[in-house]
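The next block holds one structure in the form of structure tokens; read it before the comments.
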Amino acid sequence: LEIDTGELLDDSQVTSYHPYGGKNITLTKDEVKSMRSMYPSGLQLLGFKPLAQLADYHNIKSALFLRPNENRIAGSSLLMQALIERSSAKDMFVVARMNLRDAQVPRIVALLPQQQQVNEFGDVVVPAGFNCITLPYADDIRQIPDVFACEMPEMELIDKAIEICKGFQIEQYTPKMYDNPHLARFNATLKALTLNQPEQERVEDT
């Protein structure tokens, strides 16, 4: 809607802008869409690095596990197996650029090789593939100072805090002491719908 007149505008009349160099650069809808889709969805290999250079704090989100799919890409199993064997032999990990969707910001990922393991019966207990770890950009890592300037609390306050913490402790705790209110509500509603009964009362959270 147009702010002054309240007139309904179509897509051709709507533009976006981005401040740059003290000016507002006007962008069309197609230009904004093309900027968001810098790279197509997929995985592109960039290089290799030693495993020793991969730190624990580089893992900033849940990892993924990648396996080949011969139904979609013929020969992917052979290629991945070769990468896994050579990377494992040289203690290296693969650096790649990953886009799960076309309009997604690309991320740099580390692919850790994982070789297949079988038990004494020949069953696969650890599948072959790559553990995909999302690596941080420079602004994703905060610089935390080594020393914090703070005053030591008095011992009286420390003793009071210990008493408060002890008051929160539950002796002989078992999960069966407390019901899941969401699950109980779901089961009650499902039972009412199945037996054509009136809606159940709200389940109290224990």
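Remember, predicted model here, so these are calculated numbers, not experimental data. Reckoned from all heavy atoms, side chains included, excluding hydrogens, waters and symmetry mates.
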Side chain to side chain contact (heavy atoms under 4.5 Å, CB included) against M98, all qualifying residues, sequence neighbours excluded: L43, L64, L100, V109, C132
Rounded distance [0.5 Å steps], CG in L83 versus OG in S76: 11.5 Å
Looking at OG1 of T134 and NZ of K61, how far apart are the two atoms once the value is rounded to the nearest 0.5 Å? 5.0 Å
Taking C-beta and beyond as the side chain, do V124 and Q116 meet within less than 4.5 Å on heavy atoms? yes
CG-CZ distance between D140 and R107, expressed to the nearest 0.5 angstrom: 5.0 Å
Specify the closest pair of heavy atoms between F48 and S87, including all atoms of both residues, with the distance to one decimal. CE2-OG, 3.9 Å
Where do Q81 and A128 come nearest, in terms of heavy atoms and distance? OE1-CB, 4.1 Å
Could you see if L46 belongs to whatever hydrophobic cluster contains Y137? Use Ile, Leu, Val, Met, Phe, Trp, Tyr and a side-chain cutoff under 4.5 Å. yes
As an exercise, state the distance from CD1 of I133 to CG of N59, rounded to the nearest 0.5 Å. 5.0 Å
Once side chain to side chain contact (heavy atoms under 4.5 Å, CB included) is applied, do any residues pair with L190, and if so which ones, sequence neighbours excluded? F186, T194
Can you check whether E85's main-chain N or O pairs, donor with acceptor, with Q115's side chain at less than 3.5 Å? no
Is the shortest side-chain heavy-atom distance between L54 and L112 below 4.5 Å? yes
Give me the other members of the hydrophobic cluster that I164 sits in, counting Ile, Leu, Val, Met, Phe, Trp and Tyr linked by side-chain heavy atoms under 4.5 Å, directly or via other members. F168
Report the residues that fulfil side chain to side chain contact (heavy atoms under 4.5 Å, CB included) with S16, sequence neighbours left out, ordered by chain and then residue number. V32
Treating Q114 as the side-chain partner and N131 as the backbone partner, does any N or O pair qualify as donor plus acceptor under 3.5 Å? no
Side-chain heavy atoms nearer than 4.5 Å, only ILVMFWY residues, links allowed to pass through others: does that put I73 and V94 together? no
Should the heavy atoms of other residues, nucleotides or ligands under 6.0 Å from CZ of R97 be counted, would the total exceed 12? yes
Can you tell me how far apart CG (L27) and OH (Y20) are? Round to the nearest 0.5 Å. 13.0 Å
I want to check something: taking the side chain as every heavy atom from C-beta on, are L51 and M92 in contact at a cut-off of under 4.5 Å? no
When hydrophobic residues are tied together by side-chain contacts of less than 4.5 Å, even through go-betweens, does L45 share a cluster with I84? yes
D56, CG: over 12 other non-hydrogen atoms inside 6.0 angstrom: no
Is there side-chain contact between P68 and L79, with at least one heavy-atom pair below 4.5 Å? no
Give a yes or no answer on whether the side chain of N187 reaches the backbone of A184 with a donor-acceptor pair at less than 3.5 Å. no
Within a 6.0 Å radius of atom CD on E154, are there more than 12 heavy atoms belonging to other residues, nucleotides or ligands? no
So which pairs with a foot in residues 123-134 pass salt bridge (charged side-chain N to carboxylate O under 4.0 Å, His left out), sequence neighbours left out? none
Is there a side-chain contact between L111 and M80 (heavy atoms, below 4.5 Å)? no
In one Ile/Leu/Val/Met/Phe/Trp/Tyr side-chain cluster, 4.5 Å: M152, I162: yes
Between Q44 (side chain only) and A96 (backbone N and O only), is there a donor and an acceptor less than 3.5 Å apart? no
Is the number of heavy atoms from other residues, nucleotides or ligands under 6.0 Å of Y57 OH greater than 12? no
If the condition is side chain to side chain donor-acceptor pair (under 3.5 Å), which residues does Q117 pass it with, not counting sequence neighbours? none
